[in-house]
Amino acid sequence: MKFQNVKGSIVAMVTPFHEDGSVNFEVLTELIERQIAGHTDAILTLGTTGESATMTHEEDDAVAEHTIRVVNGRVPVIVGSGSNCTATMKEKSLRYERMGADGLLLISPYYNKANAEGMYRHFATVADAVNIPCILYNVPGRTGCSIPVSVVERLAKHPNVAAIKEASGDIGYAMKIAHCIGPDFALYSGNDDITIPLMSIGGSGVISVYANVMPEMCHQIVEDYLGGRQEQALANHLKYLKLMNHLFLEVNPIPVKTAMNMMGLHCGPMRLPLCEMSEANAAILQATMKEAGLL
């Protein structure tokens, strides 16, 4: 399965843990099968939602290998290989390509940041080294820096840079890079609440946290919008917008894992520094999930 011009809902998978904090591969298999049954268009593993920041390289490799093996070509698998160390990101990217990943998610350098030229070289170094599509990941709320528009414009022309996951929540920024969208460069919303606005300027769908909870509906919203049924897409988007927003009552993935545990999906705890959701926010989330028919 190749990641090429994928349109639809790409789930940003959680990583389920046992109570002792180790990866729960049995539940991971169940979650993957649930996503495929729900018509998810592609699977992203080891993203922000997957808590890769608190996993070892060995654990990252094991989760990536397991996901690729279980999916077995039924949908594309994108693996997050990002790092604020360009050499590490290149090394991980090459390793995941050898494993059989269909695409890579590359984050902008956090903490050390970079000037525009350094930012360009950070991404281009990996895109030059691999032979599978790369997705830029713009999430300044996490990294402390945004990918400059000029850098996106340069990278959009690179044959191995296929898309950007735009998770700044800034529609103005998205408008500035919209002219880069074309047959060889796609835009994905990185925020569930503004999926439809971003599709209205040419976006191809969403890399979604919400899809962990309601994969079939997330897929349907995007499919309806791109299929010309915008009114139906908007109606469903608005119907579940409160849930999408409440999945961010606290830092991701605390609420979504809490929601999945409420649903009996056995995702287990988070790893420190992430911890259980406050009782007050968990009660709000539970009420919203009941309204959505999930509990």
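- Between Asn212 and Gln35, the closest heavy-atom pair is CA-NE2, 3.6 Å.
- Note that CD1 of Ile194 and CG of Leu241 are 11.0 Å apart. Values are rounded to the nearest 0.5 Å.
- For Arg34 and Glu30, the salt-bridge test fails: no basic side-chain N is under 4.0 Å from an acidic carboxylate O.
- Residue-environment remark: NE2 (His18) exceeds the threshold of 12 foreign heavy atoms within 6.0 Å.
- When all heavy atoms of Ile78 and Leu105 are compared, the closest pair comes out as CG2-N, 3.9 Å.
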Derivation and outcome, side chain to side chain contact (heavy atoms under 4.5 Å, CB included), residues His219 and Thr40: CA-CA 6 Å; His219 164 82; Thr40 288; 5.8 Å; no
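- Side-chain contact between Cys267 and Asn24 is absent, with no heavy-atom pair separated by less than 4.5 Å.
- No more than 12 heavy-atom neighbours from other residues, nucleotides or ligands sit within 6.0 angstrom of CD on Glu276.
- Sparse packing is recorded around NE2 of His266, with 12 or fewer heavy atoms of other residues, nucleotides or ligands lying under 6.0 Å away.
- Side-chain atoms of Cys275 and Met270, non-hydrogen and from C-beta on, never get closer than 4.5 Å to each other.
- Atoms CD1 and OG, on Ile221 and Ser208 in that order, are 8.5 Å from each other to the nearest 0.5 Å.
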Pair Val152-Phe185, side chain to side chain contact (heavy atoms under 4.5 Å, CB included): steps then yes or no: CA-CA 10 Å; Val152 177; Phe185 188 77; 4.1 Å; yes
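- Between Glu117 and Arg154, at least one side-chain nitrogen of the basic residue sits less than 4.0 Å from a carboxylate oxygen of the acidic one, meeting the salt-bridge criterion.
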CA sep, side-chain torsions, deciding dist, call: Val161, Phe123, side chain to side chain contact (heavy atoms under 4.5 Å, CB included): CA-CA 9 Å; Val161 177; Phe123 291 112; 5.8 Å; no
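- Checking side-chain atoms of Asp20 against main-chain N and O of Ser22 turns up a donor-acceptor pair under 3.5 Å.
- We find the CG-NZ distance between Asp184 and Lys157 to be 13.0 Å, quoted to the nearest 0.5 Å.
- The closest donor-acceptor contact from the side chain of Asp192 to the backbone of Met244 lies at 3.5 Å or more, if one exists at all.
- The number of heavy-atom neighbours closer than 6.0 Å to CE of Met175, taken from other residues, nucleotides and ligands shown, is 12 or below.
- In this model, no donor atom of one side chain and acceptor atom of the other lie less than 3.5 Å apart for Asn84 and His122.
- The closest side-chain donor-acceptor pair between Thr48 and Tyr137 falls under 3.5 angstrom.
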Intermediate values then yes/no, salt bridge (Lys or Arg N to Asp or Glu O under 4.0 Å), Glu153 and Lys176: CA-CA 10 Å; Glu153 291 171 337; Lys176 290 175 184 176; over 6 Å; no
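- When the options Leu28, Val209, Leu44 are evaluated for a side chain to side chain contact (heavy atoms under 4.5 Å, CB included) with Met13, the one that passes is Leu28.
- Across every non-hydrogen atom of Gly82 and Met89, the tightest pair is CA-SD, 3.6 Å.
- Residues Lys165 and Ile10 are not in side-chain contact: their nearest non-hydrogen atoms beyond the backbone lie 4.5 Å or more apart.
- No side-chain donor from either of His39 and Ser9 sits under 3.5 Å from a side-chain acceptor of the other.
- Annotation: side chain of Tyr173 is in contact with side chain of Ile147 (closest heavy-atom distance under 4.5 Å).
- Within the 4.5 Å cutoff, the side chain of Glu97 has no heavy atoms near those of the Val79 side chain.
- Judged by distance alone, with hydrogens and angles left aside, the side-chain atoms of Asp224 form no donor-acceptor pair with the main-chain N or O of Ala233 at under 3.5 Å.
- Of the inter-residue distances, the one linking Tyr96 atom OH with Leu104 atom CG reads 9.5 Å to the nearest 0.5 angstrom.
- Side-chain atoms of Cys218 and Val11, non-hydrogen and from C-beta on, never get closer than 4.5 Å to each other.
- For Asn281 and Glu250, the side-chain atoms include at least one donor-acceptor pair closer than 3.5 Å.
- Taking 4.5 Å as the limit, some side-chain heavy atom of Tyr188 sits within range of a side-chain heavy atom of Val6.
- Contact between Asp102 and Pro76 at its shortest, heavy atoms only, is OD2-CA, 3.3 Å.
- In this model, no donor atom of one side chain and acceptor atom of the other lie less than 3.5 Å apart for Asn138 and Ser108.
- Using a 4.5 Å cut-off between side-chain heavy atoms of Ile, Leu, Val, Met, Phe, Trp and Tyr, with links allowed through other members, Met55 and Leu272 fall into different hydrophobic clusters.
- Under the 3.5 Å distance criterion, the side-chain polar atoms of Glu51 are matched with a main-chain donor or acceptor of Arg271.
- Atom CD1 of Ile43 is separated from atom CD1 of Ile32 by 5.5 Å, given to the nearest 0.5 angstrom.
- The two residues Val126 and Ser93 come nearest to each other via the heavy atoms CG1-OG, 3.4 Å.
- Two residues are said to be in side-chain contact when any heavy atoms from C-beta on lie closer than 4.5 Å; Ser83 and Tyr110 meet this criterion.
- A distance of 12.5 Å separates CD1 in Ile254 from CG in Leu247, rounded to the nearest 0.5 Å.
- Between Glu65 and Arg95 there is no salt bridge, since no side-chain N of the basic residue sits under 4.0 Å from a carboxylate O of the acidic one.
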Cys134/His158 under side chain to side chain contact (heavy atoms under 4.5 Å, CB included): CA gap, chis, key distance, verdict: CA-CA 10 Å; Cys134 300; His158 193 291; over 6 Å; no
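- Proximity of a side-chain donor or acceptor of Arg74 to a complementary backbone N or O of Val71 within less than 3.5 Å is detected.
- Closest approach of Val213 to Ala259, counting heavy atoms only: CG2-CB, 4.3 Å.
- At distances below 3.5 Å, at least one donor-acceptor pair connects side-chain atoms of Thr15 with backbone N or O atoms of Gly50.
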Side-chain donor-acceptor pairs under 3.5 Å in residues 197-205, sequence neighbours left out?
from: Ser200; atom 1: OG; to: Pro197; atom 2: O; distance (Å): 2.5

